[in-house]
Protein chains: 2
Amino acid sequence: MKVLIIEDDALHRSYLNEAVRSALPECDAVTESENGRLGEVEARKLRAEFVVMDLQMNERNGIEAARTIWRERPDTKILFWSNYSDEAYVRGVSRIVPEGATYGYVLKSTSEERLKLALRSVFLESQCVIDREVRGIQQKGMGSGHGLSDAEYEILVDVALGLTDKTIASRKKLSLRTVQNRLQQLYEKLEVYQEDGDDESRYNLRTRAVAVALMRRVLNASAVERAERDLQDDAGY
Amino acid sequence: MKVLIIEDDALHRSYLNEAVRSALPECDAVTESENGRLGEVEARKLRAEFVVMDLQMNERNGIEAARTIWRERPDTKILFWSNYSDEAYVRGVSRIVPEGATYGYVLKSTSEERLKLALRSVFLESQCVIDREVRGIQQKGMGSGHGLSDAEYEILVDVALGLTDKTIASRKKLSLRTVQNRLQQLYEKLEVYQEDGDDESRYNLRTRAVAVALMRRVLNASAVERAERDLQDDAGY
DNA sequence: GCTTGTCCTGCGGGAACCCGCAAGTCAGTG
DNA sequence: CACTGACTTGCGGGTTCCCGCAGGACAAGC
């Protein structure tokens with residue numbers, strides 16, 4: 001049994017290494033990669049079945065790395081080990097996990113015990129392990145609360161990229177008015193409405209929406225970057 | 001000599017603690033705080049003269065914490081120890097360092113030797129130590145390159161907050177046209193211009209600008225949050 | 001069948017935005 | 001002094017955005 005670790009922080013990497021060795025005595029080889037890009041090639045080379053990785057990495061984001069790893073080998077078992085339970089990350093992960101794949105998502109703040117437990121559950125028992133806090137975020141997105149629906153999230157991303165209504169419409173094959181309708185739903189969800197009080201302190205709803213999304217951690221820079229790359233791919237087909 | 005450590009990652013915290021003790025034998029007390037908010041009160045309580053802190057923290061960002069610490073005691077010596085050299089952080093720090101204060105900025109990726117060296121230089125010799133990589137970012141901002149001037153940066157932040165031209169104008173005591181002029185400078189600097197090719201793939205310049213700024217790491221979520229708080233303070237004076 | 005709810009679409013207008021043109025201020029320089 | 005360059009302001013118009021109103025498509029339920 002071989003395990004691949006992808007993590008750009010040296011301290012965390014060695015901590016993970018130790019945790020893996022101690023939690024999985026049946027593991028006879030642990031390989032380390034320092035970022036997403038290297039991790040991808042390493043995974044390909046090793047034909048890795050078991051991966052534990054960070055999400056926020058400089059060179060290449062964990063989500064992108066996981067996406068290509070899973071694309072090449074959908075039955076890879078991946079345990080995400082992240083600092084944050086931001087909606088942007090959680091949503092990013094659930095967007096790319098293939099049908100029936102097993103994975104885990106634990107926070108770096110959890111105890112060593114739980115980390116080891118998660119390693120065993122995910123790798124040996126093929127059981128999905130999601131930190132309760134992360135779970136909460138996930139539910140909120142789906143539930144009736146002030147979470148965004150998929151349609152709303154997609155338009156949010158397009159707006160955050162800086163596209164015009166018209167461009168979004170043609171990309172998504174919708175009429176202009178429909179796009180604008182969804183935008184209005186988005187504005188309601190994000191509570192970006194003008195306090196009808198005095199004249200001052202009015203917002204540009206469009207940019208205000210992305211500001212609020214950023215502050216609520218619904219969106220983050222890497223989500224925008226991923227979307228940007230998809231956009232470029234689209235354009236230069 | 002007492003040193004205060006503010007860092008929310010447990011591993012990094014204990015690593016720092018060890019580094020401080022070994023680099024500064026004259027240090028007889030090391031205190032740890034797990035986030036910016038707690039760090040502020042601890043600094044006040046201890047009347048700390050020597051602080052080493054992370055920048056990116058959940059509860060309260062390092063920049064905000066440093067700002068209040070320096071406001072109460074401008075001669076505090078602070079060593080920032082961060083994962084990133086993003087322009088947003090670097091600019092955020094240089095914005096708040098008081099006249100004549102001594103501080104340092106080293107990346108977490110540097111070797112233990114250099115960290116210890118920085119600790120001694122900043123705390124004992126009152127010498128500013130800035131990682132060469134960080135230095136590079138700093139220069140780029142000032143220099144003639146495609147860095148943003150202060151005026152441009154400020155308007156970028158206001159736009160990213162979602163304010164309208166008119167609101168920005170009245171806040172900054174400028175005419176509407178001036179604001180729009182600065183916006184155009186900003187668009188040039190960020191190279192946000194329509195490829196005059198076909199009709200499709202046009203951008204909404206305003207939101208596109210913040211997208212580009214995010215991707216270039218000129219801006220990040222915490223910068224927006226700081227600005228938002230300042231804005232609220234302004235409004236509810 | 002009728003109703004109710006949800007989603008897409010068109011029209012139209014008022015506001016905001018993007019931006020070229022021109023004129024004015026103010027500093028520094030020959 | 002005139003001249004250049006950087007910054008500010010006003011005007012005007014073409015475009016995009018925000019959004020109310022109204023109509024149509026489709027599914028679910030009394």
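Below, each value reflects all heavy atoms present in this structure, side chains not excepted, and no hydrogens, waters or symmetry copies. By convention in this document, chain letters (A, B, ...) are assigned in the order of the sequence lines, proteins followed by strands, and residues within each chain are numbered from 1.
- For the salt bridge (Lys or Arg N to Asp or Glu O under 4.0 Å) test, no residue two or more places apart in sequence or in another chain qualifies with D8(A).
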Heavy-atom contacts, protein to nucleotides 8-15 of chain D, under 4.0 Å, summarised as B (base), S (sugar-phosphate only) or - (none) per nt, yield BBBB----
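- Under the rule for a salt bridge (Lys or Arg N to Asp or Glu O under 4.0 Å), R177(A) has no partner lying at least two apart in sequence or in another chain.
- In terms of the side-chain hydrogen bond (donor to acceptor under 3.5 Å, both in side chains) criterion, T76(A) has no residue partners (sequence neighbours excluded).
- We find that CZ of R208(B) is positioned 19 Å from C1' of dC17(D), with the value rounded to whole Å.
- Scanning both residues, R91(B) and S149(B), for their nearest heavy atoms gives NH1-O, 4.4 Å.
- Residue L186(A) contributes atom CG, which lies 11 Å from atom P of dC18(D) at whole-angstrom precision.
- The main-chain N or O of V90(B) is found under 3.5 Å from a side-chain atom of S94(B) such that the two form a donor-acceptor pair.
- In this structure E133(B) satisfies the salt bridge (Lys or Arg N to Asp or Glu O under 4.0 Å) test with no other residue, sequence neighbours excluded.
- If you measure from atom CD of E188(B) to atom P of dC7(D), you get 12 Å, rounded to the nearest angstrom.
- Straight-line distance from the OH atom of Y187(A) to the C1' atom of dA16(C): 12 Å, rounded to whole Å.
- Here the P atom of nucleotide dC8(C) and the CD atom of E152(A) are 11 Å apart, to the nearest Å.
- As a whole-Å value, the separation of Y203(A) OH from dC17(D) C1' is 19 Å.
- Within the helix from dG1(C)-dC30(D) to dG30(C)-dC1(D), the inter-axis angle between the opening and closing five-pair segments is 10°, rounded to 10°.
- Among residues two or more places apart in sequence or in another chain, the ring-ring contact (aromatic ring centres under 6.0 Å, His included) test is passed with F50(A) by F123(A).
- Taking the salt bridge (Lys or Arg N to Asp or Glu O under 4.0 Å) definition, one finds that E49(B) meets it with nothing, sequence neighbours left out.
- Note: NZ (K172(B)) to P (dC7(D)) measures 16 Å, nearest angstrom.
- Under the side-chain hydrogen bond (donor to acceptor under 3.5 Å, both in side chains) criterion, T68(B) pairs with E40(B), not counting sequence neighbours.
- The CG-C1' distance, from L205(B) to dC19(C), rounds to 10 Å in whole Å.
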